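Please read the structure below before turning to the comments.
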There are 2 protein chains.
Amino acid sequence: MAEPFKSVCISTRLRRATRKANAIYDHAMEKHGITIAQLSLLRTIRRLERPTLNQLAQATELDASTLGRNMRVLEKAGLTRFEPGQDKRTRVLSLTEKGDAITDRANHDWDRVQSDLKSRLGPGGFDTLFQLLDALDPDNEGRST
Amino acid sequence: MAEPFKSVCISTRLRRATRKANAIYDHAMEKHGITIAQLSLLRTIRRLERPTLNQLAQATELDASTLGRNMRVLEKAGLTRFEPGQDKRTRVLSLTEKGDAITDRANHDWDRVQSDLKSRLGPGGFDTLFQLLDALDPDNEGRST
DNA sequence: CCATATTGTCGGTATATACCGATAAATGGT
DNA sequence: ACCATTTATCGGTATATACCGACAATATGG
């Protein structure tokens, strides 16, 4: 037996839930050779249309150095490319054809998992969850919704 | 401006919220030289009273190999020790005096942050959040609360 | 225009986390 | 007692993530 202990610490419970949710999405992504974190990046790059590392960092609220490293993995896998921008400092990100194709295919599996989890949350659960997660962030002080 | 993009992906939003909550707790832990993840481990070890790695893994739902590595960090910091158990395979974990003292002191700061975040969630928010996080986990099928 | 600040990226270092395979020790069935 | 299985841990490897300091390039105030 020895059931898992239900910690009362918000961080601990969030980390646990995140690990588990990640694992579920990751397993669905396996056949595409990517992780859910990587799919998220691919989609954001596509949406932003040739963003710089910093722009991607602002959109995702990830550290730029983290993204630099994450992007190297995607680059090595041939899913993204890094081209010089106007500014001689900046490098501009975009998806390769392969990256584009994989993103499309992975999106189908993402849909499945997302729907499953959404129904687990019950009616209104999805919106409530996101509202509560946002409430934890002091940066989201003023404007809700 | 370039506001952060509110992804609709449950995993992405969970990861983001977890990063931010971790950062808040971690900053409060800084003065004690530990992270919130480490405080969580110290408390669990204390509660379980000389658990093995595997017992700790079951309680935390973390991979045993992950815990092995996490524990080495705490051991090197002199907060925990690893002693031989009855079974010649197993090693039993416990807090050193220093680890015990730091856990006590860190708990005070944990309290502060936990209360702050709890009040951010509003009335009933805390319970609702945990209930929703649990609902995401297929392992929690049968028994709720 | 130049000195200073700011911006964009990268490398070093560190924690948190997982999966897989090795290895050693215990357990169980015959 | 013996062999097969299961258990406990560890090491290799990989991703995700952050902070800090270096460095180059751009922007800005006087």
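Quick note on labels: first sequence line is chain A, next is B, and so on, each numbered from 1. As the structure is a computational prediction, the values presented were derived from the model and not from experiment.
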Task: Whole-Å gap separating P (D/dT17) and CD (A/E61) - done: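 The answer, rounded to whole Å, is 12 Å.
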TODO: Return the value, rounded to whole Å, for the distance between atom CG of A/D26 and atom C1' of C/dT17.
DONE: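 Taking atom C1' of C/dT17 as the reference, CG of A/D26 is at 11 Å.
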Task: Under 3.5 Å side-chain donor-acceptor pair for B/S65 and B/D63 - done: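 Distance-only check passes for B/S65 and B/D63.
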Open item on the list: Ignoring hydrogens and geometry beyond distance, is a side-chain donor-acceptor pair present between B/T52 and B/T90 at under 3.5 Å?
Closed with: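 Distance-only check fails for B/T52 and B/T90.
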side-chain N/O [X] vs [N] OP1/OP2, d < 4.0 Å:
X	N	answer
A/N70	D/dT17	yes
B/Q38	C/dA16	yes
A/S65	D/dT17	no

Measure distances between side-chain N and O atoms of [X] and base N and O atoms of [N], and say whether any donor-acceptor pair falls under 3.5 Å.
X	N	value
B/T66	C/dA18	yes
A/R15	C/dT15	no
B/R72	D/dG11	no

Task: Footprint string (nucleotides 4-9 of chain D, 5' to 3'): B base within contact, S backbone only, - free, heavy atoms under 4.0 Å - done: ---BSS
- [ ] Tell me what B/R69 touches on the nucleic acid: a base, only sugar-phosphate, or nothing, going by heavy atoms under 4.0 Å.
- [x]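 B/R69: base contact, heavy atoms under 4.0 Å.
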So, the side chain of [X] versus the backbone of [Y]: is there a donor-acceptor pair under 3.5 Å, distance only?
X	Y	value
B/R120	A/D137	no
B/E83	B/S94	no
A/K98	A/A77	yes
A/S115	A/D111	yes

